[in-house]
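Take a look at the structure below.
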Number of protein chains: 2
Amino acid sequence: MSQTPESTGVRRAPTMADVAQRAGVSHQTVSRVLSHHPNVRDSTRAEVLRAIEELGYRRNSSARALVTRRTLTLGVVACNPTLFGPASTLFGLEEAARDEGYLVSAVTLRQFTPKALEEAIDHLSEWGVEGIVVIVPHRAAVAALAELRLPFPVVTVEGGHSLPIPGVSVDQELGGRLVTEHLLAAGHRTVWHVAGPGGWLEAEARIAGWQAALREAGAEVPEPLVGDWTPLSGYRAGQELAGRAAAGRVRGRGPEVTAVFVANDQMALGVTRALREAGLSVPAQVAVAGFDDIPEAEFFAPPLTTVRQDFAAVGQASIRLLVSRLEAATVQTGDDERVVIEPRLIVRASTIRP
Amino acid sequence: MSQTPESTGVRRAPTMADVAQRAGVSHQTVSRVLSHHPNVRDSTRAEVLRAIEELGYRRNSSARALVTRRTLTLGVVACNPTLFGPASTLFGLEEAARDEGYLVSAVTLRQFTPKALEEAIDHLSEWGVEGIVVIVPHRAAVAALAELRLPFPVVTVEGGHSLPIPGVSVDQELGGRLVTEHLLAAGHRTVWHVAGPGGWLEAEARIAGWQAALREAGAEVPEPLVGDWTPLSGYRAGQELAGRAAAGRVRGRGPEVTAVFVANDQMALGVTRALREAGLSVPAQVAVAGFDDIPEAEFFAPPLTTVRQDFAAVGQASIRLLVSRLEAATVQTGDDERVVIEPRLIVRASTIRP
DNA sequence: AGTGCCATCGTTAGCGTTCACAGCCAGGTC
DNA sequence: GACCTGGCTGTGAACGCTAACGATGGCACT
C-alpha cells in the first residue's frame with residue numbers, strides 16, 4: 001500500500017474525487033450515490049459505498065452549500081435561555097429542525113436592546129442562515145424586527161400579532177383569563193395581579209386576560225404590581241401585597257387581597273414566600289396562582305395552580321412555519337402566518353381553600 | 001441605470017464581483033478591504049465600502065469556508081437542556097464562542113444512549129463543525145466518545161477525568177464534601193443522601209464527596225437513595241426517608257434521619273415536601289441541603305442550603321479549551337487538558353436549626 | 001540615472017461540490 | 001437493419017471566495 005497519510009504530514013480529508021478514483025468511477029457517480037439518485041447500477045453503487053466507507057469520506061458541506069445555495073442552517077435568537085420556557089422552546093425547536101434536515105444555531109441575548117438584537121441577527125446572517133426564529137417577546141424587539149427588512153424569512157415566538165411578521169404564540173390572554181375565572185369561581189371578590197415587566201408581550205397579554213375576566217364578572221380591577229420574572233421581584237411584590245392585606249380596605253388602597261394571579265411561577269414562589277413570612281397562609285387566607293407550570297411548581301409548598309404552556313409545540317410550530325416559508329420559495333401562501341396554541345389551566349392546592 | 005433586479009425575476013445576492021465593478025476595482029481589492037488588509041489606499045477602501053453599502057453586499061460564508069477550510073462553527077451536544085445547569089452552561093458557552101468569532105450549533109439529546117450521541121455528533125459533523133463540546137455527563141457517554149476517534153477536537157463538560165479527553169468540570173466531590181461537613185458541623189450524627197441516577201458522573205462524584213466527609217468524621221455511612229434529578233423522584237425519596245425517620249433505629253434500617261444531602265435542588269424540593277407532608281419540619285427536625293443553586297432555591301420554604309456552581313465559567317472554559325486546541329493546530333500543548341472549577345457552599349435556612 | 005524596495009492593485013488558479021449536457025450501450029419497434 | 005428509447009455514466013462548467021503571484025508606479029538611496 002502506498003497509502004501513508006501520516007508520512008505526508010498534512011492529512012487532507014478525502015474528497016469526492018478520491019472516492020471516485022478508488023471506486024473506479026467518476027466523481028459525478030459518487031455524487032449521484034450520495035444524493036440517492038435512482039439511475040445508478042446496484043453494483044457500482046455498492047462499489048462507491050465501499051470506497052466511501054474505506055476512506056471515511058464525508059461530503060464537504062461548504063462546497064455543497066456553495067453550489068446549491070442552501071446552507072440548511074436556521075438561526076435562533078433567544079433572550080432568557082436559562083428560563084424554563086425559552087429553554088423548552090429551543091429544545092423542541094431544535095428537534096423539529098433536525099427532523100426537517102436543518103441545523104440550528106442559537107445566539108443568546110444577555111439583555112434585550114434593539115442594538116443587541118441587530119448584532120445577533122448580523123452574527124447569524126454572517127454565517128448564512130436561511131431563516132431565523134426570534135424568541136424575544138419584547139414589544140420593541142418585534143418593532144425593530146419589522147424595520148430590519150432582512151433577506152431571509154423571520155418567524156417570531158410570542159411576538160404578538162400586531163405586525164405583519166409570521167409567528168407562533170400561546171394564547172396568553174386566554175391563560176390569564178382562565179386563571180382569573182378560576183379564582184373568581186372559587187368565591188374571591190376580585191383577583192390581584194403581579195405582572196411581568198413592561199414591554200414584554202406575554203406580560204401584557206396576561207394582564208389583558210386578567211382584566212377582561214374581572215370586567216366581565218363585574219369585579220373591581222386593582223392596580224397590577226410589576227415584577228421582572230425573578231423570584232426576588234415576586235417576593236417584593238408579595239411583601240407589598242401582604243401590607244395591603246393587613247391594611248384591608250381601611251386606607252382605601254384597593255380591594256381586599258384574597259387571591260393573586262402571578263405572571264409566572266418563579267415570581268409566584270416569591271409572592272408565596274413573602275405572604276407566608278407576613279403570617280398569611282396560602283391558600284387559606286390568600287390564593288396564589290402562577291403561569292408556565294415549571295417542573296418545580298407541583299412540588300412547591302403548597303403545590304402551585306398555574307397555566308401550562310406546551311413549549312415544545314411552540315418550538316415545533318415555529319420551525320414548521322419557517323420551513324414552509326423556505327420551501328415555498330416563490331409561492332406566497334401568506335395565510336398560515338399565525339399559529340396560536342391553547343394553554344391549559346392546572347389547578348393545584350395553592351388556590352383551593354382547605 | 002440598467003439595474004433592474006426586479007425585472008429579472010430572480011434577484012440574486014450581490015457578489016464580490018458586483019461590488020468590485022461598482023467600485024471600479026478588482027474583486028481581490030474588495031476581498032482585501034473585507035479582511036482588513038492594510039495595503040489598501042484609504043480612498044479606494046472608502047469607495048469599496050460605499051459600494052458594499054449601496055448593494056447591501058454580504059460575504060458568502062460557504063464560498064469562504066470552502067477555500068479557507070474553516071467553517072468557524074462549533075457544535076454542542078447537550079442532554080437535559082431545560083435544566084438550569086446545562087442551560088446556563090450552554091448560554092455561557094455560546095457567548096464565549098461568539099466572542100472568539102465562532103458560531104455554535106447545538107444538538108439536544110432527549111435521552112442519552114450511545115447511539116443517540118453518535119447520531120448527534122454525526123449530524124453536527126455533517127455540517128462541518130470544527131470541534132464539539134459534549135455536555136452529557138454520563139459515564140457511558142464519555143466512554144463512547146473515547147471510542148469514536150473523531151476527525152476534530154472534542155471537549156467534555158463534567159465528563160470526568162478518567163479518560164484522555166480534555167474537559168472542564170466543577171469539583172463535584174468537593175461540593176458534596178462541603179455540604180456534608182457543614183451538616184456534620186451543625187451537630188448531626190450523620191447525613192443521608194439522595195443521589196442522582198446511576199451512571200451520571202456528577203451523581204457519583206457527589207456521592208464520593210459525601211462518603212469521604214462522613215468517613216473522615218467517623219460517621220456512619222447510610223445507604224444512599226437514588227433519584228433521577230426530578231422533583232417527583234425527590235418526593236418519593238423523601239417519603240422513604242420520612243418512613244425511616246418515624247421508625248427510628250428500631251427496625252435497624254440505618255441511622256436516624258436528621259440531615260439529608262440531596263444531589264440537586266429540584267429533588268431537594270421534592271424531599272422537603274414529602275418530609276413536611278409526613279409531619280416532619282424542615283429544618284427543625286430534618287435538615288435538607290441541595291446542589292446547583294437554581295434561582296428558585298433562595299425562595300423555597302425554607303430557603304435551601306445548596307452548592308453554587310459557576311455554570312457560565314464552565315461554558316467559557318470549555319470554549320477556551322476547544323478554541324486553543326483549534327488554533328494550536330500542530331502544536332500539542334496537551335497540558336491544559338483539564339479545567340476544574342471550585343463550587344461554593346451557600347448556607348440558607350434549610351439547614352439551620354431554629 | 002540606475003537600482004531596489006514597498007505600497008497598491010490585478011490576474012490566475014484553485015477549494016469540492018452539483019448541474020446541465022452529452023455520450024454510450026442495451027433492448028425494443030418498425 | 002435503421003431507428004428510437006431509456007438506463008447508466010462521464011465531461012465540463014459553474015458556485016463565490018481566498019491565496020499566491022505578478023505587475024505597476026512612486027520613492028529613497030546609491
Ignoring backbone atoms, test whether [X] places a side-chain nitrogen or oxygen under 4.0 Å from the OP1 or OP2 oxygen of [N].
X       : N      : answer
A/Asn60 : C/dG16 : no
B/Arg69 : C/dG16 : yes
B/Thr15 : D/dC17 : yes
A/Arg59 : C/dT17 : no
B/Thr44 : C/dC9  : yes
A/Ser62 : C/dG16 : no
B/Thr29 : C/dG10 : yes
B/Ser31 : D/dA19 : no
A/Arg41 : D/dC8  : no
A/Arg12 : C/dG16 : yes

Q. Is there a donor N/O on one and an acceptor N/O on the other, under 3.5 Å, for the side chain of B/Arg58 and the base of D/dG16?
A.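 Not at all, since no donor on one side and acceptor on the other fall under 3.5 Å apart.
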Q. Will you find, in the side chains of A/Ser105 and B/Ser105, an N or O donor that is under 3.5 Å from an N or O acceptor?
A.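 Per modelled atom types, A/Ser105 and B/Ser105 side chains form a pair under 3.5 Å.
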Q.
Of the options C/dT17, C/dG14, C/dT18, whose atoms approach the side-chain atoms of A/Tyr57 most closely?
A. C/dT17
Q. Which nucleotide, D/dC17, C/dC9, D/dG16, lies nearest any side-chain atom of B/Val40?
A. C/dC9
Nearest-angstrom distance from the residue atom [atom1] of [X] to [atom2] of [N]:
X        : N      : atom1 : atom2 : answer
A/Asn39  : C/dA20 : CG    : C1'   : 15 Å
A/Leu55  : C/dG16 : CG    : P     : 14 Å
A/His37  : C/dT17 : NE2   : P     : 18 Å
B/Glu126 : C/dG16 : CD    : P     : 17 Å
A/Arg70  : C/dC19 : CZ    : C1'   : 16 Å
B/Trp127 : C/dG16 : CH2   : P     : 20 Å
B/Arg45  : C/dT8  : CZ    : C1'   : 11 Å
A/Leu34  : C/dG16 : CG    : P     : 15 Å

Carboxylate-amine/guanidinium proximity below 4.0 Å for [X] and [Y]:
X        : Y        : value
B/Arg325 : B/Glu337 : yes
A/Asp122 : B/Arg58  : yes
A/Glu118 : A/Lys115 : no

Q.
Quick check: on DNA chain D, is the nucleotide nearest A/Asp42 upstream (toward 5') of the one nearest A/Gln28, or the reverse? Name the residue that is more 5'.
A.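 Between the two, 5'-proximity favours A/Asp42.
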Q) Do B/Leu124 and B/Ile121 come within less than 4.5 Å of each other through their side chains, counting heavy atoms only? A)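 No, their side chains stay 4.5 Å or more apart.
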**Q.** Test applied, side-chain hydrogen bond (donor to acceptor under 3.5 Å, both in side chains); reference residue, B/Arg98; option that passes from B/Glu95, B/Glu100, B/Glu94
**A.** B/Glu94
Q. How do B/Ala63 and B/Val25 order along DNA chain C: which one's closest nucleotide is nearer the 5' end?
A. B/Val25
